Amino acid sequence: MGKTTSYKAVRTVAFLTGFFCFLCLARAEVLPSPKITILKVEYNVSEGKPIIEVEGETDLPEGAVLSVSIRNGPELTAYKDIKAVPGRFSVKLGPLDKELDGEYSVQVMLGHEQPQEIIDRLKRDSSDLSLKSIQAVSLFKAVAVSREKSPYGIEVWAYNEQYGKQVIVHADGKTSLPDGAVLKVYLKRIDTIIVFGECMVAEGSFSISFGPFGKELAPGTYTIEAEFFPDLQRPEFKKVANNEKIPAAKSSCEAVVGKVSDVSKAENAAWQEINSAVMSIDELYWELKDVYALSQTHFDPAAWDEWSDRWRFHLKKVSNSLKDGTGRDKSLSLYPEAEKGLPLAVKYLSEIYVIMTDTLKNRAPAKKGELEKRCYALENELVKLMKKMKAELANSPKV
């Protein structure tokens with residue numbers, strides 16, 4: 001029987017290449033760049049044959065060559081060139097030589113070798129075309145079906161009780177582990193631990209409860225994970241087990257909080273809101289980088305200021321979207337990494353802009369080296385934040 005892991009795309013990268021005309025002395029009409037959007041990534045293992053399926057949308061012309069690559073960090077896992085059909089693309093990579101296990105990235109970009117008619121059309125339709133700028137990246141997790149399992153099984157299930165706005169989540173389970181074994185049990189949202197505790201196995205069963213929580217637990221799909229760690233067991237347990245080397249074991253299950261209809265709406269609304277904010281910050285960052293690079297060779301203070309007004313307006317719009325009606329930060333608890341990361345990303349991006357502006361206008365020549373180091377550090381932190389938030393979106397429940 002096949003095992004399927006499916007995730008929605010995290011990001012579309014579409015640089016505003018036509019924007020560069022704005023900075024030129026001779027103003028020209030801004031033309032939109034072609035774009036690529038990854039909509040679905042599925043990893044399937046059927047009869048021992050691993051296959052990755054990638055689907056998406058693009059407004060590139062029919063016949064344009066797209067390069068699709070799968071990577072585990074810097075290591076290339078699979079690669080294939082395909083031709084776009086009107087409005088979309090679809091590709092299967094595999095069967096692969098071996099099963100995948102871990103976090104991988106999918107990159108879809110405009111291929112370097114194109115039919116001449118495609119090159120001509122792209123040049124005609126988009127000014128300052130950069131092949132590298134037309135791409136999309138998505139992250140996904142793959143779990144090897146053949147991963148070695150512990151001979152001691154754990155089965156866990158969850159349910160919750162609601163008291164007004166407060167929720168208590170219960171986790172019960174059965175296991176073939178010897179009595180006295182201590183299990184760590186986690187309540188997680190995607191890959192973030194919300195709370196955890198310990199319970200002891202008695203007569204082949206275990207039970208633990210979480211809550212009430214300090215703040216309202218939003219309707220959504222959570223995960224209960226029960227895990228046995230051999231090295232964390234008490235001395236008395238090891239005596240009962242006759243010092244037998246018992247391997248690690250774990251199991252997990254979904255914990256749905258709220259009514260099914262409420263959960264579906266909440267998950268969909270949260271994904272749309274977080275994805276929109278992450279994509280907007282990503283595009284604003286790369287736009288700032290590109291315009292700054294161009295301005296270093298041709299700086300027009302008036303053009304920079306005029307562009308800055310529009311750019312800062314869009315950054316402020318993203319910042320405002322993260323506030324509630326009272327001006328406080330919105331609760332984005334279904335996406336813990338984004339809840340922490342989005343306000344920081346806006347702050348870092350704003351500070352990067354100020355440093356770049358000060359550098360271009362030579363406001364503090366004596367501190368130029370110091371400012372460049374600070375800018376480099378901020379960009380590194382921003383990239384790390386964005387990577388975490390994209391991974392969280394990629395691993396979120398299907399909506």
Side-chain angles (χ1 to χ4, degrees), residues 5-12 37-42 56 103 136-141 158 160 162 164-167 169 186-195 210-225 252-284 314-315 317-347 349 382 384-399:
T5 307
S6 177
Y7 301 100
K8 292 198 175 180
V10 176
R11 164 193 177 198
T12 302
T37 304
I38 299 173
L39 296 178
K40 184 177 76 170
V41 181
E42 284 191 357
E103 187 173 278
V137 177
S138 180
L139 304 177
F140 73 98
K141 276 189 175 179
N160 63 83
Q162 192 126 10
K165 291 187 176 182
Q166 287 294 340
V167 176
V169 179
Y186 306 87
L187 174 64
K188 303 170 75 173
R189 169 62 190 181
I190 310 177
D191 293 324
T192 300
I193 297 171
I194 297 172
V195 66
F210 299 113
F213 300 87
K215 64 178 182 179
E216 183 182 351
L217 197 62
T221 303
Y222 298 79
T223 301
I224 289 287
E225 189 174 282
S252 62
C253 70
E254 281 190 354
V256 178
V257 173
K259 297 178 181 178
V260 175
S261 57
D262 292 340
V263 168
S264 179
K265 289 177 183 177
E267 290 282 6
N268 185 64
W271 192 92
Q272 296 288 346
E273 183 175 24
I274 301 299
N275 186 57
S276 175
V278 170
M279 285 181 63
S280 295
I281 290 173
D282 203 45
E283 289 173 1
L284 286 169
H314 287 294
L315 183 60
K317 191 175 178 181
V318 175
S319 180
N320 289 341
S321 73
L322 304 176
K323 307 286 185 182
D324 60 19
T326 65
R328 297 177 181 175
D329 289 341
K330 278 185 183 177
S331 174
L332 305 171
S333 57
L334 286 180
Y335 287 86
E337 287 292 348
E339 187 172 41
K340 295 180 296 182
L342 282 171
L344 278 175
V346 171
K347 178 184 175 183
L349 189 53
L382 179 60
K384 288 177 186 176
L385 279 177
M386 298 301 290
K387 184 177 180 181
K388 286 181 180 179
M389 291 188 289
K390 291 169 189 173
E392 186 175 57
L393 281 163
N395 297 329
S396 63
K398 294 181 68 176
V399 293

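Just so you know, these numbers come straight off a predicted model, no measurement behind them.
Atoms CG and CD1, from Leu382 and Ile281 in turn, are 7.5 Å apart once rounded to the nearest 0.5 Å. Met389 contributes atom CE, which lies 11.0 Å from atom CG of Asn275 (distance to the nearest 0.5 angstrom). Here the NZ atom belonging to Lys347 is positioned 6.5 Å from the CG atom belonging to Leu344, to the nearest 0.5 angstrom. One distance of note links CH2 of Trp271 with OG of Ser396; it measures 7.0 Å at 0.5 Å rounding. Here the CD1 atom belonging to Ile224 is positioned 4.5 Å from the CG atom belonging to Leu187, to the nearest 0.5 angstrom. To the nearest 0.5 angstrom, Tyr222 atom OH is 14.0 Å from Phe210 atom CZ.
A 6.0 Å sphere centred on NZ of Lys188 holds more than 12 heavy atoms belonging to other residues, nucleotides or ligands. Around atom CD of Gln162, more than 12 heavy atoms belonging to other residues, nucleotides or ligands sit under 6.0 Å away.
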side-chain contact (heavy atoms from CB on, under 4.5 Å) assessment of Val263 paired with Val257: CA-CA 7 Å; Val263 168; Val257 173; 5.9 Å; no
Pair Leu342-Ile274, side-chain contact (heavy atoms from CB on, under 4.5 Å): steps then yes or no: CA-CA 9 Å; Leu342 282 171; Ile274 301 299; 4.0 Å; yes
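Legend: residues meeting side-chain contact (heavy atoms from CB on, under 4.5 Å) with Ser276, ordered by chain and number and at least two apart, are Ser280. Partners of Lys330 by salt bridge (charged side-chain N to carboxylate O under 4.0 Å, His left out), not counting sequence neighbours, listed by chain and number: Glu273.
With respect to the salt-bridge test (charged N to carboxylate O, under 4.0 angstrom), the residues Arg189 and Glu267 qualify.
Between Val169 and Leu217, some side-chain heavy-atom pair lies under the 4.5 Å cut-off. Looking at Thr37 and Leu39, their side chains come closer than 4.5 Å, going by heavy atoms from C-beta outward. Residues Pro219 and Lys259 form no side-chain contact, since every pair of their non-hydrogen atoms from C-beta on lies 4.5 Å or further apart. In this structure the side chain of Glu254 never reaches within 4.5 angstrom of the side chain of Thr223, judged on heavy atoms.
Summarising the geometry of Leu322 relative to Ala277, their closest heavy-atom pair is CD2-CB, 4.4 Å, with the distance given to 0.1 Å. Here the closest heavy-atom approach between residue Lys390 and residue Val278 is recorded as CG-CG1, 4.1 Å. Shortest non-hydrogen contact noted between Pro343 and Ala338 is CD-O, 4.0 Å. Residues Pro397 and Ile190 share a closest heavy-atom pair of CD-CG1, 4.3 Å. Annotation for Ala158 and Cys253: closest pair N-SG, 3.8 Å, computed over non-hydrogen atoms. Pairing each heavy atom of Phe213 with each of Val195, the nearest pair is CE2-CG1, 3.9 Å.
A side-chain contact (heavy atoms from CB on, under 4.5 Å) with Asp329 holds for exactly one of Lys340, Glu339, Lys323; it is Lys323.
Proximity of a side-chain donor or acceptor of Glu392 to a complementary backbone N or O of Glu337 within less than 3.5 Å is detected. No donor-acceptor pair closer than 3.5 Å links the side chain of Asn268 to the backbone N or O of Ser264. Here the side chain of Asn160 pairs no donor or acceptor atom with the backbone of Gly258 at under 3.5 angstrom.
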